[in-house]
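Chain A is the first sequence line, chain B the second, and so forth, proteins listed ahead of strands; every chain is numbered from 1.
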Amino acid sequence: MSQTIYNVLSREKETFKPISEDRVMMYVCGPTVYDNSHVGHAKTYVSFDVVVRWFRYCGYRVRYVQNITDVGHLLDDGEDRILKGARREKVEPMEIVERYMRSYFEDMDALGVTRPDISPRASAHVPEQIEMIQALLQEGHAYEVNGSVYFSVESFKDYGKLSGRHVEEMEAGRRVAVRDEKRHPMDFALWIKAPSNHVLQWPSPWGRGYPGWHIECSAMSNKYLGATFDIHGGGVDNIFPHNECEIAQSECANHTAFANYWMLSGTLLVDGVKMSKSLGNFVTIKDALKQYRSEALRLFILSGLYRSPADYSTAALDAATKGTERINTAARRVRAELKHAKADDAANSGRLVDLLDQYRMRFTSAMNDDFNAPLALSALFDLGKDLNTAIDEGSATRTVLEQADAIYRELGGDVLGVIQTEAKGNGAGSAEREASLIQMLIEMRLEARKARDYTRADAIRSRLAEIGILLEDGPKGTTYRIGN
RNA sequence: GGCGACGUGGCCAAGUGGUAAGGCAAGGGUCUGCAAAACCCUCAUGCGCGGGUUCAAUUCCCGCCGUCGCCUCCA
């Protein structure tokens with residue numbers, strides 16, 4: 001079965017053909033680190049995390065590059081975001097960068113997002129950016145004015161091919177005063193002359209200055225992935241001008257195609273409008289994680305297609321929380337049953353093993369179809385229903401349970417990251433010890449119940465509940481789970 | 001105004017030219033000292049509105065209405 005990807009370049013689903021057979025070279029636009037990340041970032045990066053995890057599950061070697069923007073990304077008023085952050089917090093610009101880059105990684109780690117293989121920083125690749133700008137100047141795709149360098153959009157006939165815009169049709173500069181220096185209103189900065197008091201500046205052939213925002217992605221993807229690579233990802237909101245500019249710079253400098261497949265994730269809305277730093281309506285990932293566990297956040301994100309918008313609300317997150325509980329309870333039950341599983345016996349076992357294969361195939365074909373995570377999830381939910389029934393009937397043999405456990409670990413855990421694959425503990429040894437202690441208390445409570453000493457039984461239960469361990473009495477005995 | 005996307009049950013959300021996945025909520029049941037949880041079952045003749053193509057459309061085409069994103073910084 002082959003992988004399909006909705007390619008924004010063609011606006012169609014295409015069969016994925018990597019440049020090297022078993023290898024995926026992938027770039028995703030990363031954050032500008034001048035403030036805490038919000039749930040909108042989570043949507044984008046969790047989505048691409050699942051793409052990477054899926055490729056790896058399928059046996060591809062993936063090189064995943066995601067930049068860290070720490071210079072050159074300007075605000076409306078022309079001030080660099082990093083400098084604004086530095087002024088706000090009264091620290092060095094690079095302190096802002098370190099602070100929020102660490103914060104970003106903390107958030108991503110908490111969300112279970114696999115770290116990129118390379119997280120190149122713009123400020124650490126100024127020579128590479130200068131080199132690319134020089135190439136563009138030599139080719140006549142760029143021009144210098146007063147120490148700044150601009151890309152000439154008229155020199156690249158394909159400008160607008162990703163976003164479907166045409167230079168002639170755009171009423172550029174209508175709302176923003178165009179810099180007089182530009183030859184064409186749509187031209188964009190490759191290199192910006194720094195005022196003498198500007199804190200971030202580097203020497204260049206055109207005097208002291210700093211790189212424009214777009215050029216870093218072109219220069220760094222070129223360095224780590226090559227002139228042409230497989231997949232370029234990011235949020236749709238950057239399709240114009242950022243992504244369009246990347247294509248223009250790279251294709252003009254390298255004389256070859258840039259990314260073969262463009263995957264853009266849908267915008268996260270809150271109360272129907274975009275969640276963004278500039279609108280101030282954002283929920284930080286740290287705040288969201290105080291309320292919801294990371295599996296719930298991931299499930300919320302993966303409940304819709306990556307390229308569709310999603311609306312953040314407490315109702316949606318509560319529903320996702322319940323959903324993760326349902327799916328994790330089923331997975332936990334399988335693991336618990338496995339401890340005292342029956343040996344295999346012919347017929348039933350075979351039928352159920354076939355059923356499990358079908359679920360794995362359902363999941364696989366969903367993911368192969370442009371990473372349809374919501375459809376893949378539905379397979380896991382249905383699987384849980386069948387397993388519960390099988391366990392109740394006593395037809396779930398060891399082989400069945402082992403394979404079910406493997407599905408949960410590999411597909412729910414490794415690929416989607418919505419199923420906890422191991423007990424959360426403070427350390428390797430302590431988790432096991434904790435489990436034994438809880439088991440001991442459960443047995444003590446059982447003895448109390450047998451003796452009809454319910455006061456004592458309830459006391460054990462409520463004391464455990466106080467420290468977040470919830471006991472649940474079921475037909476087959478008492479189980480527990482760790483609450484939030 | 002231009003470009004792009006979308007409108008599916010109470011809410012969220014997949015999907016297909018041949019008759020609607022899944023989650024949440026709701027109702028019923030099982031279990032149970034109590035409680036909580038869990039599990040099972042049920043739940044859209046219908047897919048924004050109006051036309052058209054077709055043996056057949058929610059799915060294709062046209063028009064309309066509405067929502068969102070981008071066009072200026074945002075993942």
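- Following rounding to the nearest Å, A:Ile68 (CD1) and B:rA75 (P) show an atom-to-atom distance of 11 Å.
- For the segment residues 300-311 of chain A, residues with any heavy atom less than 4.0 angstrom from an atom of RNA chain B are, sorted by number, A:Ser303, A:Gly304, A:Leu305, A:Ser308.
- Residue A:Val28 is classed as having no contact, given no heavy-atom separation below 4.0 Å to the nucleic acid.
- On a pure distance criterion of 3.5 Å, no polar donor-acceptor pair joins the side chain of A:Asp473 and the base of B:rA37.
- Counting to the nearest Å, the P atom of B:rA21 and the CG atom of A:Leu375 are 11 Å from each other.
- Going from atom CZ of A:Arg335 over to atom C1' of B:rA38 covers 16 Å, rounded to whole Å.
- Rounded to the nearest Å, the gap between the P atom of B:rU19 and that of B:rU59 is 15 Å.
- Listed nucleotides B:rG4, B:rA38, B:rA21 differ in distance to A:Thr329; the shortest reach to its side chain belongs to B:rA38.
- Note: CZ (A:Phe105) to P (B:rA75) measures 14 Å, nearest angstrom.
- B:rG4: Watson-Crick or G-U partner is B:rC68, with both key distances under 3.5 Å.
- Looking at heavy-atom distances under 4.0 Å, A:His242 makes no contact with the nucleic acid at all.
- Using a 4.0 Å cut-off between charged nitrogen and carboxylate oxygen, A:Lys274 and A:Asp237 count as a salt-bridge pair.
- For A:Lys385 and B:rC40, the shortest distance from a side-chain N or O to OP1 or OP2 is not below 4.0 Å.
- Within 6.0 Å of CZ in A:Arg332 there are more than 12 heavy atoms belonging to other residues, nucleotides or ligands.
- The interatomic distance linking A:Leu279 (CG) with B:rA75 (C1') rounds to 14 Å, in whole Å.
- Ionic pairing of A:Lys322 and A:Asp318 is not present here: no N-O contact between side-chain nitrogen and carboxylate oxygen is shorter than 4.0 angstrom.
- Listed pair A:Arg326 / B:rA38 fails the phosphate criterion, with no side-chain N or O lying under 4.0 Å from OP1 or OP2.
- Side chain A:Arg481 to base B:rA37: no donor-acceptor pair is found below 3.5 Å.
- With distances taken from any side-chain atom of A:Tyr454 to the nucleotides B:rG33, B:rA75, B:rC24, the minimum falls on B:rG33.
- Of the nucleotides present, none pairs with B:rG46 by Watson-Crick or G-U wobble criteria with both distances under 3.5 Å.
- Judged by atom type and distance alone, A:Arg333 does not reach the base of B:rC39 through any side-chain donor-acceptor pair under 3.5 Å.
- Here the nucleotide nearest the side chain of A:Arg445, chosen from B:rC34, B:rA25, B:rA21, is B:rC34.
- Side-chain atoms of A:Ser250 come within 3.5 Å of backbone N or O of A:Glu246 as a donor-acceptor pair.
- When the C1' atom is compared between B:rG9 and B:rG27, the two are found 15 Å apart, to the nearest whole Å.
- By the 6.0 Å contact criterion, CZ on A:Arg463 is open, its count of non-hydrogen atoms from other residues, nucleotides or ligands being 12 or less.
- Sequence order on RNA chain B of the closest nucleotides to A:Gly234 and A:Phe381 puts A:Phe381 first from the 5' end.
- Taking atom C1' on both nucleotides, B:rG10 is separated from B:rC70 by 33 Å, rounded to a whole Å.
- B:rG9 is unpaired under the criterion used here, namely a Watson-Crick or G-U wobble arrangement in which both key atom distances are under 3.5 Å.
- A salt bridge links A:Asp49 and A:Arg53; the closest N-O separation between the charged side-chain nitrogens and carboxylate oxygens is under 4.0 Å.
- When distances are taken from the side chain of A:Phe240 to each of B:rG33, B:rA75, B:rC70, the shortest belongs to B:rC70.
- Contact between the side-chain N/O atoms of A:Asn388 and the OP1/OP2 oxygens of B:rA38 is not found at any separation under 4.0 Å.
- Across all strands, A:Gly272 comes closer than 4.0 Å only to sugar-phosphate atoms, never to a base (heavy-atom distances).
- Taking 3.5 Å as the limit, the base of B:rG33 and the side chain of A:Asp458 contain a donor-acceptor pair of atoms between them.
- The A:Glu325 side chain lies nearest to B:rA38 when the options are B:rA21, B:rA38, B:rA75.
- You'll find that the side chain of A:Asn372 is closest to B:rG15, out of B:rA35, B:rG15, B:rA75.
- If you check B:rU59 for Watson-Crick or wobble pairing at under 3.5 angstrom, you find it has no partner at all.
- Comparing B:rC70, B:rA14, B:rA75 against the side chain of A:Leu268 picks out B:rA75 as the nearest.
- A:Ser37 comes within 4.0 angstrom of no nucleic acid atom, judged by non-hydrogen atoms across all strands.
- If you check B:rU32 for Watson-Crick or wobble pairing at under 3.5 angstrom, you find it has no partner at all.
- Note: CZ (A:Arg362) to C1' (B:rA21) measures 7 Å, nearest angstrom.
- Between A:Ile327 atom CD1 and B:rA38 atom P there is a gap of 14 Å when expressed in whole angstrom units.
- Side-chain contact between A:Val52 and A:Thr114: absent, with no pair of heavy atoms (C-beta onward) separated by less than 4.5 Å.
- Base pairing analysis places B:rA21 opposite nothing; no Watson-Crick or G-U wobble pair with both distances below 3.5 Å involves it.
- The nearest heavy atom of RNA chain B to A:Glu472 and to A:Ala316 marks one nucleotide each, and the one closer to the 5' end goes with A:Ala316.
- Between A:Glu393 atom CD and B:rU30 atom C1' there is a gap of 14 Å when expressed in whole angstrom units.
- Proximity note for A:Lys274 (side chain, C-beta onward) versus B:rC71, B:rA13, B:rA75: the nearest is B:rA75.
- For the C1' atoms, the distance from B:rC31 to B:rG69 is 50 Å, rounded to whole Å.
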